[in-house]
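All remarks here apply to the structure that follows.
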There are 2 protein chains.
Amino acid sequence: MVVVRQIDVARVAGVSQTTVSMVLNERTGGSARISEDTRERVLSAIKKTGYVANPIAQSLAGHRTGMFGVFAFEPMFTAEAGGFYTEFLGGIEAAGEAARKDLLLFTSTVLDEPDNHIYRRNENRLRLTDGAILLGNGEPKMELARLHEDGFPFVYIGRREIPNGEISYVSADYAAATADLVERLVAVGHERLCYVGTGADASASIDRRRAFVDTLRDAGLPVDRPVPAGHGDYAAVRQAVEAGATALLVEPPVGIDELTAVIERAGYRVPADVSVALLGDVHGHSVRPDDWSGYRLPRWEMGMQAVKLLVRLMEDPGGPARRVVVPCLPHDGCTVAPAPRPGRDRR
Amino acid sequence: MVVVRQIDVARVAGVSQTTVSMVLNERTGGSARISEDTRERVLSAIKKTGYVANPIAQSLAGHRTGMFGVFAFEPMFTAEAGGFYTEFLGGIEAAGEAARKDLLLFTSTVLDEPDNHIYRRNENRLRLTDGAILLGNGEPKMELARLHEDGFPFVYIGRREIPNGEISYVSADYAAATADLVERLVAVGHERLCYVGTGADASASIDRRRAFVDTLRDAGLPVDRPVPAGHGDYAAVRQAVEAGATALLVEPPVGIDELTAVIERAGYRVPADVSVALLGDVHGHSVRPDDWSGYRLPRWEMGMQAVKLLVRLMEDPGGPARRVVVPCLPHDGCTVAPAPRPGRDRR
DNA sequence: TTGTAGGCGTTATCAC
DNA sequence: GTGATAACGCCTACAA
C-alpha cells in the first residue's frame with residue numbers, strides 16, 4: 001500500500017506542504033490566497049501522484065471524524081433481535097446521510113465483561129465518533145452518567161434518566177397511544193379492560209399504566225388492578241378473563257402468543273370472546289407482528305429524529321438536554337373485535 | 001468536553017508521558033519494564049484524572065483503527081431493500097465481533113455524483129478502516145480496480161472481476177444449487193423445464209444457465225432455449241407453458257409474483273400444473289420469500305465468510321486474492337409439485 | 001527502569 | 001501569495 005502524502009505532492013509541485021493543504025481545503029479566507037498558477041501545479045501534482053487524503057490524520061488535526069456512533073448494548077442483526085433494530089437503523093441511516101455522517105456500529109459489546117460496555121479499561125471507542133445514538137433495552141445508568149459528565153454528545157432512543165443531570169432522548173408517546181387504544185376499545189363496547197404487564201417500573205410501563213387508569217376513569221368504567229404475567233405464568237390473566245374481562249392490553253415483553261394460547265385453551269376465542277391488544281413492539285421474532293392489534297413504535301421516525309437531535313445538540317455544545325416525543329402508530333391486526341354481547345355465554 | 005491526555009496523567013504521576021503509554025500498553029517486551037511502584041502511581045493518576053485514550057491519535061500512530069468498513073453502494077435499511085442486507089450484516093457482525101472490529105457503514109453513497117462513490121474528490125473514506133467488505137448489485141469495476149491498485153484490503157460479497165488483477169470475494173454456489181434443483185424437479189417427473197431469465201450476462205446468470213443446460217443434458221432431457229422475461233413482459237413465458245413446460249426456473253430479479261399471476265391468468269395452477277422455482281434471492285420486498293420454492297443465498301454465512309477472508313487477507317498483505325464459495329440453501333416452499341400426469345389436460 | 005526525541009499526516013497560525 | 005512552525009495525542013526506537 002503505497003502512501004502518498006501531502007509532502008510528496010508538494011515536492012512534485014515545487015511548493016510547500018502547507019500550500020498543498022490550502023489548495024485542497026480551498027482556504028481562501030483570512031490571509032491565504034493561492035495564485036491560479038500554483039493551484040494548477042498542485043492539482044496536477046495531485047493527479048500525477050494519485051494522492052488521497054488520510055482521514056485519520058484529518059480527524060486528529062481537524063477534531064471531527066465525520067462519523068456518528070450507533071451503540072446498541074447487544075448485537076443488532078441476530079435472529080433473536082428479529083429485525084427489531086433495522087427500522088431504527090433505517091431512520092438513522094437516512095438522517096445520517098443527510099447530515100453527511102457515516103455510521104460506526106459497535107460490535108464488541110458482548111464478549112467482554114457484561115457491564116461497562118462503552119468504557120472498557122481506559123478506552124471509549126465512542127470517542128472515535130462525533131456523537132452517538134444509543135439504543136437498547138438496558139438501563140446503563142452509570143455509563144450514561146459518565147458519558148454525560150465527559151460532555152460527549154449523544155442521544156438515547158428511548159427515555160432514560162440519570163442521577164445527576166439530564167440526557168437527550170427520543171421517546172415514543174406511550175401514554176397517548178395507550179389512551180387512544182383504551183378509547184377505541186371502549187367505543188366498541190368493552191367495559192372490563194385488563195392491563196397485563198410485567199410489573200416493571202420502567203418509565204414506559206408507568207406511562208402506559210397511568211394512561212390506562214386515567215382513560216378508564218374518565219370513561220366512568222371500573223379500573224381493575226393490573227394483572228402480572230410472564231415467565232410462563234398466565235394464571236392471573238386466565239382468572240381475569242373468567243371474571244369477565246373482555247379486553248386485554250398486553251405490555252411487551254409479555255409473551256403474547258403464549259398468553260393467547262392459554263386463553264384459548266381455557267375455552268375463549270380471540271377476538272370473538274376476548275380482544276387482545278399489544279402496547280408497543282415486540283423485541284424478538286416470536287410473534288408475527290402484523291397479526292396483532294394495538295400500536296407500534298414509530299421506529300424509523302425515532303431513529304431519524306434521534307440523528308436530527310444529535311445534530312442540533314452538536315450545533316449548540318454546552319446547551320441543555322433535548323427531548324423529542326414521537327407519536328406511536330395505531331395498528332389494526334386481527335386480535336381486537338367489538339365486545340361480546342353481555343349475557344351471552346362466552347364459553 | 002475536558003480532555004485529559006497522557007501528558008496530564010504523567011504530570012500527576014510525576015513520570016514522563018512515555019511511561020504512561022508503556023503502562024497502558026503493558027509493554028513488557030524488549031527493553032521496557034516498569035517497576036511496580038511506578039505502575040501503581042500511573043494507574044492511580046489515571047483513575048484520578050479520569051484519563052481515556054483518544055482512539056484517533058492511537059490510530060494515527062498505530063496504523064490501525066479497529067474498524068472494518070461495510071460499503072453497499074446504496075442505502076441498506078430502506079423499505080425497498082426489504083431486509084436484503086440485514087442477513088449479510090448478521091454474519092458480518094458476528095465475525096466482526098470475533099475479530100474485535102467495529103463496523104463502519106458508509107451512508108453517503110447516493111447524494112453525490114452517481115459514479116465514483118468510494119473515491120470522491122481526493123478522499124477515500126474507506127481508508128478510515130483497516131479493511132472493507134463491499135456488497136451490492138453493481139459492477140463498480142473502476143473503483144474496485146483502483147482500490148485493488150492502492151493495495152487496500154477488501155472482500156466483495158458476490159463474484160466480481162476486474163481488468164488487471166484479481167480481487168477477493170465470497171460467492172454463492174449457484175451452479176451446484178441450480179443443478180440440484182433441476183435434479184429434484186426431474187426426480188418428481190418434470191421433463192420440460194424452462195429457464196426464465198433476464199438475459200443478463202452477469203457471472204451468476206452464466207453459472208446458472210450452464211448448470212441448467214448441463215444437468216438436463218446429463219438427464220437426457222430436451223434443453224429449450226432460455227426464455228426472457230421481466231419489465232412486465234411475460235408473453236414468452238406463457239408461450240413456453242402452453243408449449244408444454246411444466247417447471248419454470250426463474251432467475252432473480254425477474255418478478256416472480258407477476259410471472260405467476262400471468263400463468264394463472266392463462267388458466268394454469270401453480271404448482272399443480274406448473275411448478276415455479278426461484279434461483280436465488282429476491283432483492284426487495286415484493287415477494288413473501290417463504291412461499292417460494294427454489295434455493296436461497298446463504299447470506300448470513302456469506303457475510304461471516306467475507307469477514308474471515310478479510311482477516312486472513314490482512315494477515316498476509318501482498319498475498320494473492322482469495323475466494324470462498326458457499327453452498328446455497330435449498331428451500332421448499334409451496335410452488336413446486338410433481339409433474340402433472342402426461343395426457344391429462346392441464347387446462 | 002525510565003526519559004528524550006522523532007514521527008504518524010493533517011490543519012491552522014503567523015511571519016515574510 | 002507562500003512557507004516555516006507549531007499543534008493534534010499517541011507510539012516507539014534509542015539513549016541514559
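Lettering of chains follows the sequences in order, A, B, ..., and the numbering in each one begins at 1.
- Residues B/Glu74 and B/Tyr85 bring a donor and an acceptor atom of their side chains to less than 3.5 Å of each other.
- The distance between atom NE2 of B/His63 and atom P of C/dT10, rounded to the nearest whole Å, is 13 Å.
- A/Arg64 has its CZ atom 10 Å from the C1' atom of C/dT11, to the nearest Å.
- For A/Gln17, the side-chain atoms get nearest to C/dT10 when compared with the rest of D/dC8, C/dA5, C/dT10.
- With rounding to whole Å, A/Arg125 atom CZ is found 18 Å from D/dG9 atom P.
- Protein atom CG of B/Leu24 is 12 Å distant from nucleotide atom C1' of D/dG9, rounded to whole Å.
- Atoms CD (B/Glu123) and P (C/dT11) sit 9 Å apart, rounded to a whole Å.
- For A/Ala61, counting side-chain heavy atoms from C-beta on, the closest listed nucleotide (D/dC10, D/dG9, C/dT11) is C/dT11.
- Positionally, the nearest nucleotide of DNA chain C for B/Arg41 lies more toward the 5' end than for the other of B/Ala57 and B/Arg41.
- The ring of B/Phe154 has its center no closer than 6.0 angstrom to the ring center of B/Tyr156.
- If you check the side chains of B/Thr18 and B/Ser21, you find no donor sitting under 3.5 Å from an acceptor.
- Nearest nucleotide to the side chain of B/Ser21, out of D/dC8, D/dT12, D/dT2: D/dT12.
- Listed candidates were D/dC11, C/dC8, C/dT13. Nearest to the side chain of B/Gln6 is D/dC11.
- Looking at A/Thr38, its side chain has no donor and acceptor atom pair within 3.5 Å of the base of D/dT2.
- Ion pairing between A/Asp37 and A/Arg41 holds under the 4.0 Å rule for side-chain N and carboxylate O.
- Taking every side-chain heavy atom of B/Asn54 into account, D/dG9 is the closest of C/dT10, D/dG3, D/dG9.
- The distance from atom CG of A/Leu128 to atom P of D/dC10 is 13 Å, rounded to the nearest whole Å.
- Residue A/Gln58 has a polar side-chain atom (N or O) positioned under 4.0 Å from OP1 or OP2 of C/dT11.
- The listed nucleotides are C/dT10, C/dT4, D/dC10; the one nearest the side chain of B/Thr18 is C/dT4.
- Both B/Arg39 and A/Val4 lie near DNA chain C, and the one whose nearest nucleotide falls closer to the 5' end is B/Arg39.
- In this model, no side-chain donor or acceptor of A/Ser35 finds a partner on the base of D/dT2 within 3.5 Å.
- Atom pair B/Leu60:CG and C/dG6:P shows a separation of 18 Å (rounding to whole Å applied).
- One atom, CD1 of B/Ile34, and another, P of D/dC11, lie 13 Å apart when rounded to the nearest Å.
- Using a distance-only test at 3.5 Å, with no hydrogens or angles considered, no donor-acceptor pair links the side chain of A/Asp130 to the main chain of A/Arg64.
- The base of D/dA4 lies outside donor-acceptor range of the side chain of A/Ser16, with no N or O pair under 3.5 Å.
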